[in-house]
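Just below is one structure, and these are the notes that go with it.
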2 protein chains.
Amino acid sequence: MKRIADSTVRRLSVYLRFLEDSVTHGVRTISSQELARRGGTTSAQVRKDLSFFGSFGKRGLGYPAAELTASLRDILGLDREWRVIIIGAGKIGTALAQYHGFRQRGFDIIAVYDADARKIGSKWDGLVVRDIREVERDVPQELPDIAVLTVPSEEAQAVAERLVGAGIEGILNFAPVQLKLPAHITVRNVNMAMELEGLSYALTNRERSGEAQ
Amino acid sequence: MKRIADSTVRRLSVYLRFLEDSVTHGVRTISSQELARRGGTTSAQVRKDLSFFGSFGKRGLGYPAAELTASLRDILGLDREWRVIIIGAGKIGTALAQYHGFRQRGFDIIAVYDADARKIGSKWDGLVVRDIREVERDVPQELPDIAVLTVPSEEAQAVAERLVGAGIEGILNFAPVQLKLPAHITVRNVNMAMELEGLSYALTNRERSGEAQ
DNA sequence: TGTTGTGAAGAGGTTCACAGCG
DNA sequence: CGCTGTGAACCTCTTCACAACA
């Protein structure tokens, strides 16, 4: 199967979110145009995105909302539970640990780790903060799929390498550094400072910057 | 001047971060190759990115680190203070409000708003949570540049419209919805659920998904 | 008739390769 | 000689336009 663009996967997430909404509101069928309107894109783009994975629609009618929802869940790998550990019990780490939206979408936070002795042992929403030194022992036992990295930039690379050594293959990196890891490891970056700088650039140079989201 | 790609602006942020580091470590001169290595890209890409804005390097030598740092700050609009308000005093909102890294980079959080009476009036790191109803009065007076939206999805669109009506022109949106706003408003989205879903997709379909970050 | 699915065209971003210059 | 700056080639993603079909 063909390589799917990152941007396509991102849009599938958007479609899925809106589809779930539609289904709970009793919508039976939905057109590429409606999906496009809510997803901030074009109907041709929606059809192209979906066409990579099959034919889900009926010509003249649109897509059956419930079926398409299920298909997108499958495609995105959301038809299973993902075991997630959070590394770093700082501001963002604890906010994420307590955010119930993740569990709701199949991302089960099974542990939180930190290096700070003052934080280790404290309880966050039922989860006890563990010593980061235990991660090498825990990962092979508990087999988390994804690690969310919310440690200071200086430590991010070293901690990431430890996680990979312990068996983690997916990392959501909040540290503003580009991690260098083996090719088979999947990394996604979330960088709020960078987004603010993007806004700063756009607001500073409105003529030359696009308005696209 | 030509329209600059979003991806380019993002990379400039990465270069800047590494350059600042290098300068504090006494580095005088830096090559496109070194910038590429740390930015997870190629030297040609670095040179191309910079070339959109001018000629900053010396052939045979590389780029003067301090000068390039200053130039990038200018380009990104970081040679000034940006006034930021946070809308939504939930988990993420308060984590962001207390994160000092923003102020350090010129993003000054001047206020936090919420609709929940139990949260209004409480203090977060010196900032009193204000009633969202005051936003229409405050924005024209205090002239914030950027609003960080951390409200529930259902309310995001309505709140965003109120912010725009009050005069906000830049929004960092944490709600997992695509905001529909006038073209002159700049929006950036941060969507952690979407990033996790991207990881889920990549881990599920390793053959067909790239490893690119 | 209305909307999908899709080749083909177009636009935009990245990589190449080398001339230019310190 | 080494590294930048950049036009051209290349590639990938998006948009177009229309045949297919419920």
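Remember, predicted model here, so these are calculated numbers, not experimental data. Numbers restart at 1 for each chain; the letters A, B, ... are given by sequence-line order, proteins then strands.
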Could you pull out all residues at least two apart from B/R59 that satisfy salt bridge (Lys or Arg N to Asp or Glu O under 4.0 Å)? none
Interatomic distance where [atom1] belongs to [X] and [atom2] belongs to [N] [whole Å]:
X	N	atom1	atom2	value
A/R11	D/dT15	CZ	P	8 Å
B/F56	C/dG22	CZ	P	17 Å
B/F52	D/dG7	CZ	P	11 Å
B/L68	D/dT4	CG	C1'	12 Å
B/L61	D/dC1	CG	C1'	12 Å
A/R10	D/dT14	CZ	P	11 Å

What heavy-atom pair brings [X] and [Y] nearest, and what distance separates the two atoms?
X	Y	result
A/I168	A/I185	O-CD1, 3.5 Å
A/W82	B/S200	NE1-OG, 3.0 Å
A/T29	A/L61	CG2-O, 3.8 Å
B/R105	A/A193	CD-CB, 4.3 Å

Would you please confirm or rule out a distance under 4.0 Å between OP1 or OP2 of D/dG5 and any side-chain N or O of B/Y63?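 Yes, because at least one side-chain N or O of B/Y63 sits under 4.0 Å from OP1 or OP2 of D/dG5.
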B/R3 vs C/dA11: side-chain N/O to OP1/OP2 distance below 4.0 Å: no
Nucleotide of C/dT14, D/dT14, D/dG5 approaching B/S55 most closely (side-chain heavy atoms):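 For the B/S55 side chain, the nearest candidate turns out to be D/dG5.
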Under 4.0 Å between a Lys/Arg side-chain N and an Asp/Glu carboxylate O for A/D145 and A/R80? yes
If the threshold is 4.0 Å, N to carboxylate O, is there a salt bridge linking B/K180 and B/E161?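 Salt bridge: no.
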Do A/Q45 and A/D49 have side-chain atoms, one donor and one acceptor, less than 3.5 Å apart?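 Their side chains do contain a donor-acceptor pair, which is all the 3.5 Å distance test asks for.
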A/E197 and B/S13: side chain donor to acceptor below 3.5 Å: yes
Does any residue of residues 21-49 of chain A have a heavy atom under 4.0 Å from DNA chain C, and if so, which ones, in number order? A/S31, A/S32, A/R47, A/K48
N/O-N/O pairs, protein side and nucleotides 19-21 of chain C side, under 3.5 Å:
from: C/dG20; atom 1: N3; to: B/R59; atom 2: NH1; distance (Å): 2.9

